[in-house]
Every structure is written in C-alpha cells, then in structure tokens.
Amino acid sequence: MKEKLLNNLGLKVASLVLAFAVWMAVVNISNPIIDDSQVVPVDVRNEDVLEDANLTYEIAGKDTVTVSYQVRTRDRSLVRASDFHAYVDLKDYNVTGAIPITVEINKDKENLVKNDTITAKPMVIRIITEELQRKKFELRYDTKNEVEDGYAIGVVTLSPDSVTVEGPESQIGKINYMGIEIDVDNANADLNSVAFPIFYDANGNKLTDLGDQVTVSRQEIEYHVSVLKAKNLSLNFEVSGEVAKGYRYTGVESSVKSVPVVGTKSVLASLSTLSVASDKLNVDGATSDKVVQLDLSQYLPPSTSVAREEYKNVTVKLKVEPLTTRVFTLNLKNLEMEGAEADYDYSFDKETSDVTIKGLKEDLDALTEENLNAILDVSDQEAGPHPGMLKFEVSGGFEVVGYTPFNVTVAQKDPGPGTEESATASSTEESESE
C-alpha cells in the first residue's frame with residue numbers, strides 16, 4: 001500500500017498543484033476582485049478640545065469623503081456606505097487647519113474588504129476656527145394684531161427674561177437684540193403660552209442666516225399677558241410761558257398720541273382726554289426746542305392707571321423756532337385805493353415800496369405779494385402831497401415790520417374844454433327863471 005502511494009509521487013504533487021491553480025483561476029474568473037467606492041460622511045471627534053480653547057469651528061468645503069476599496073464582484077452589494085466610519089480627531093488640529101481623515105470598516109465586513117485596500121479622497125479636511133463668544137441678551141417682546149375693542153394690554157411677563165447666546169464671534173456680532181412675538185389678535189382675557197426667541201439686527205430686521213453654530217440657552221420662552229378693560233385717552237399738553245424775543249413756540253410733539261388707561265367703567269365713561277399740566281411744560285425764554293420726560297401716571301384721575309408700562313413715561317418736545325424776515329416789493333400803481341375821490345388824481349414819487357414781513361421761514365417761503373392784501377389808504381386827503389399810508393390784511397403768524405416810505409400827491413382833475421361855458425350858461429338860466 002505504501003509503495004503504491006509513493007509511486008510517481010512527484011507526478012501526483014504536480015497534479016495537486018495544477019488542480020489548485022486551475023481552481024484558483026476558475027474562482028478568479030467567475031468572481032474577480034474589483035475596485036469600488038462609497039461617499040461617506042465625516043464625523044468630528046473630541047470637539048471639546050477646541051471648546052476648551054474657547055474656539056468654534058466649521059468645515060471648509062464638503063463634510064464627506066470618497067472611500068475607495070477592493071471587493072469581490074459577488075460581495076459588492078454587501079458593502080454599503082454605512083459600513084465605513086470616516087472621522088477627524090480635533091486632537092490633531094494644528095495651525096494649518098488640515099486634519100487627516102481616518103476611515104474604519106465594521107468588523108463584520110472586514111472579511112469582504114481588506115483594510116490595506118481602503119483609501120480616502122481627500123485625505124484631509126480643512127477646519128476653520130474662530131473665537132467663541134458668549135453673550136447675554138435681555139429679551140424684548142413685540143405684539144402682533146390688536147386686542148378686542150375696549151381692552152388693552154397690561155403687564156407682560158417673560159420667563160426667562162434673558163437668554164445667553166453662544167457662537168462664532170462674527171455671527172454673534174450681527175445680533176443687536178433678541179425678543180419674541182406675541183399674537184394678541186382680538187384677545188379679551190389673559191394670555192399664557194410659549195414663543196421662540198428671535199434674533200434682530202440694529203435696524204430691527206430678523207436675522208435668519210446665523211446657522212447652526214449659534215445656540216441659545218433657552219429655546220422656548222414662556223409669557224403671560226394681562227388683558228384689561230381699558231380706554232385710550234388722547235393727550236392734551238398744557239404749555240405755558242413766553243419764548244425769547246425773535247422766536248416763536250410752534251407746537252408740541254409727543255412720543256405717544258394717546259395712552260391706554262384702565263379703571264372702573266363709570267370713571268372711564270367720563271374721560272376722553274388726559275390733560276397734562278406741568279412746570280416742565282414751560283417755554284419761558286426758550287430759544288430752541290425743549291425736550292422733557294413726563295410720567296403720565298402722575299396726571300391720571302383717581303382710581304385709574306396706565307394699562308401698559310411702556311406708555312407710562314412719555315417724551316415731549318416743545319418746538320421753538322426762530323423768526324426771520326422777508327422783503328416783498330409792491331407796485332404802488334397796482335394797489336387798491338381806499339377813500340379815493342373821483343375829482344382827484346393820485347400820483348406817487350416812487351413806483352414801488354418794499355414791505356418787510358416777519359414770520360417763520362417755512363411760512364414766509366409760501367407767502368406771496370397777493371397774500372399781503374395791501375391797500376393804499378388816501379381817505380380825507382385834499383390836494384397836495386401826503387405821506388403814503390399802507391394797510392395790510394395778513395394771516396396769523398405774520399407781522400408787518402414796516403415798509404419804505406413814499407409820498408402820494410393829490411391833484412384836482414382838469415375839468416376839460418367847454419366845461420366853463422356850460423357852467424356859465426347854466427348859471428344864466430337859473431337867474432332868468434328867478
């Protein structure tokens with residue numbers, strides 16, 4: 001038996017080797033090794049390393065990587081992108097910002113894909129860092145729509161009333177203030193709900209492009225709005241005093257025109273305006289605008305109060321403007337004459353007279369010669385020269401300072417030819433009839 005096994009041993013070994021080679025060739029031909037790839041997201045590990053350095057980061061470019069590998073044809077469908085784990089470790093961060101990408105494969109797929117065939121493109125991801133900023137903002141609120149007629153918004157309470165925002169310094173710098181919006185449409189009772197904090201820029205516009213890197217310490221803000229029976233009272237400011245000479249008080253401007261007041265129904269029924277009389281509303285000797293702050297709660301009738309805190313304090317501007325002058329030239333021949341007699345002719349030693357009018361510049365710019373309603377008064381003037389007398393009818397707000405003098409010469413009209421003979425004939429006829 002042993003002799004039979006050893007007979008032609010070399011030939012037998014050669015046959016086995018050839019058989020194995022043929023088998024391997026058949027396997028490779030029927031199930032060859034091919035190149036394949038998957039697009040895999042890149043995770044970031046150990047982010048706290050940058051946080052501890054008070055830095056925030058963002059990935060420059062794509063946050064995915066193309067993983068290439070070799071796999072047998074029949075196993076290709078068994079390998080998915082989720083079988084790979086690509087990541088960068090922020091412990092490897094350096095000043096260049098380039099961090100190598102590491103790719104690992106699930107252990108249950110290691111037999112399908114060999115680690116030494118796995119490559120990543122790109123091989124690094126670039127990280128851009130920026131100073132991390134934390135800033136606290138007091139929350140404001142804004143109401144949308146209107147409460148039901150006869151009601152007013154009272155005290156508004158926010159919880160919390162402030163939030164802390166964290167993010168890149170360049171993004172936090174865009175935020176001017178934060179607040180919430182409260183819809184009070186047709187409300188006639190207290191409101192309780194939640195709202196999301198909103199970012200605003202310096203112009204009051206909402207910021208919607210700050211990105212995920214900006215985080216807020218509280219995502220929901222609880223609010224309570226008291227809705228009270230109220231009445232809007234128009235404000236009447238009682239201004240006293242005299243401005244300096246050469247100036248004029250021109251009116252009052254207020255940051256609010258009316259104020260919502262709460263109180264008993266009987267008290268509110270008797271009110272339509274709120275009169276405000278204060279020593280602060282005095283313009284004695286003023287040569288420019290005077291701005292004062294008033295607490296309206298001090299001027300309310302008993303048993304009433306201001307419905308909303310923001311209406312309690314009001315800014316009032318007492319407007320004072322300088323007077324100026326303007327000269328208007330009148331053509332004397334074109335003026336209407338008062339008291340003129342038909343038997344007289346009237347002539348002037350000048351063709352025009354300059355009239356000086358005092359008033360506010362804006363009003364003077366709109367004034368015309370016709371608006372002066374100038375009249376030449378020649379009442380009871382007999383033949384001979386007389387100083388010219390002008391009368392004016394100008395609207396309120398203007399003062400006639402004076403006009404350049406001129407003389408009016410009154411002369412008997414020439415009776416004309418034939419007038420004397422007619423008068424003599426008439427006299428003779430009267431004598432004969434007597």
Side-chain angles (χ1 to χ4, degrees), residues 239-252 282-290 318-434:
V239 181
S240 60
E242 294 290 337
V243 298
K245 188 176 180 180
Y247 292 83
R248 179 175 295 160
Y249 166 69
T250 59
V252 59
N282 186 285
V283 293
D284 274 338
T287 58
S288 62
D289 293 346
K290 182 178 181 180
L318 307 178
K319 300 178 67 179
V320 178
E321 298 182 44
L323 295 175
T324 186
T325 59
R326 181 180 170 189
V327 176
F328 296 84
T329 300
L330 300 179
N331 192 318
L332 297 175
K333 290 183 179 180
N334 295 336
L335 297 181
E336 178 185 348
M337 288 195 294
E338 181 181 277
E341 296 185 14
D343 295 336
Y344 291 108
D345 285 326
Y346 300 87
S347 60
F348 314 101
D349 64 342
K350 296 180 180 179
E351 292 184 359
T352 61
S353 178
D354 292 334
V355 183
T356 302
I357 304 296
K358 179 186 290 187
L360 298 174
K361 183 181 183 305
E362 184 178 350
D363 296 338
L364 288 173
D365 289 342
L367 192 66
T368 64
E369 284 80 0
E370 290 77 12
N371 299 143
L372 300 179
N373 298 309
I375 297 174
L376 177 58
D377 187 1
V378 294
S379 302
D380 302 324
Q381 290 184 358
E382 298 179 352
H386 302 275
M389 301 288 292
L390 292 178
K391 296 166 61 174
F392 302 90
E393 292 183 6
V394 292
S395 59
F398 296 108
E399 176 188 347
V400 179
V401 178
Y403 53 87
T404 56
F406 61 94
N407 292 319
V408 180
T409 300
V410 182
Q412 184 76 39
K413 284 186 176 180
D414 186 357
T419 304
E420 185 176 346
E421 290 82 351
S422 298
T424 304
S426 175
S427 176
T428 302
E429 288 177 0
E430 289 178 359
S431 300
E432 290 176 354
S433 64
E434 292 176 355

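We use all heavy atoms of the structure for the numbers below, so side chains are in, but hydrogens, waters and symmetry mates are not. For this chain, numbers begin at 1 and follow the sequence in order.
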Subject >> side-chain contact (heavy atoms from CB on, under 4.5 Å) assessment of Leu360 paired with Leu323 >> reply: CA-CA 5 Å; Leu360 298 174; Leu323 295 175; 3.9 Å; yes
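- Listed here is the closest heavy atom pair of Gly241 and Asp284: CA-OD1, 3.0 Å.
- One finds the CE atom of Met389 at 13.0 Å from the CD1 atom of Ile375 (value rounded to the nearest 0.5 Å).
- Residue Lys391 holds its NZ atom at 5.0 Å from CG of Asp377, rounded to the nearest 0.5 Å.
- Between Asp343 and Gln412 the shortest side-chain heavy-atom distance falls below 4.5 Å.
- For the pair Phe348 and Val408, the minimum side-chain heavy-atom distance is below 4.5 Å.
- Under the 3.5 Å distance criterion, the side-chain polar atoms of Asp349 are matched with a main-chain donor or acceptor of Asn407.
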Sequence neighbours left out, cut at 3.5 Å: what donor-acceptor pairs do the side chains of residues 325-332 make with other protein atoms?
unit_1	atom_1	unit_2	atom_2	d
Arg326	NH1	Leu364	O	2.5
Arg326	NH1	Leu367	O	3.3
Thr329	OG1	Asp354	OD1	2.9
Asn331	OD1	Lys333	N	3.2

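- In this structure, the side chains of Val378 and His386 stay at 4.5 Å or more apart for every pair of heavy atoms.
- For the atom pair CD1 (Ile357) and OH (Tyr403), the distance works out to 11.5 Å, reported to the nearest 0.5 Å.
- Here Tyr344 contributes atom OH and Gln381 contributes atom CD; the two are 10.5 Å apart, rounded to the nearest 0.5 Å.
- Counting heavy atoms of neighbouring residues, nucleotides and ligands inside a 6.0 Å radius, atom CD of Glu369 exceeds 12 of them.
- Although no hydrogens or angles enter the test, the distance criterion places a donor-acceptor pair under 3.5 Å between the side chain of Ser353 and the main chain of Thr404.
- Among Val320, Thr250, Leu318, Thr287, the single residue meeting the side chain to side chain contact (heavy atoms under 4.5 Å, CB included) criterion with Val243 is Val320.
- In plain terms, the two heavy atoms of Ser379 and Gly339 that are nearest each other are OG-CA, 3.6 Å.
- Atom CG of Asp380 has 12 or fewer neighbouring heavy atoms from other residues, nucleotides or ligands inside a 6.0 Å radius.
- Atom CG in Leu372 sits 10.0 Å away from atom CG in Leu335 (nearest 0.5 Å).
- Within a 6.0 Å sphere centred on NZ of Lys350, heavy atoms belonging to other residues, nucleotides or ligands number more than 12.
- A donor-acceptor pair is defined here as one N or O able to donate and one able to accept, closer than 3.5 Å; such a pair exists between the side chain of Asn371 and the backbone of Thr368.
- For Tyr247 (side chain) and Glu242 (main-chain N/O), no donor-acceptor pair under 3.5 Å exists by modelled atom type.
- In this structure, CD on Glu362 lies 7.5 Å from CD on Glu321, to the nearest 0.5 angstrom.
- Residues Leu376 and Leu390 have side chains in contact (heavy-atom distance under 4.5 Å, counting atoms from C-beta outward).
- Heavy-atom neighbours of Lys413 NZ from other residues, nucleotides or ligands within 6.0 Å: above the threshold of 12.
- Partners of Asn373 by side-chain contact (heavy atoms from CB on, under 4.5 Å), not counting sequence neighbours, listed by chain and number: Glu393.
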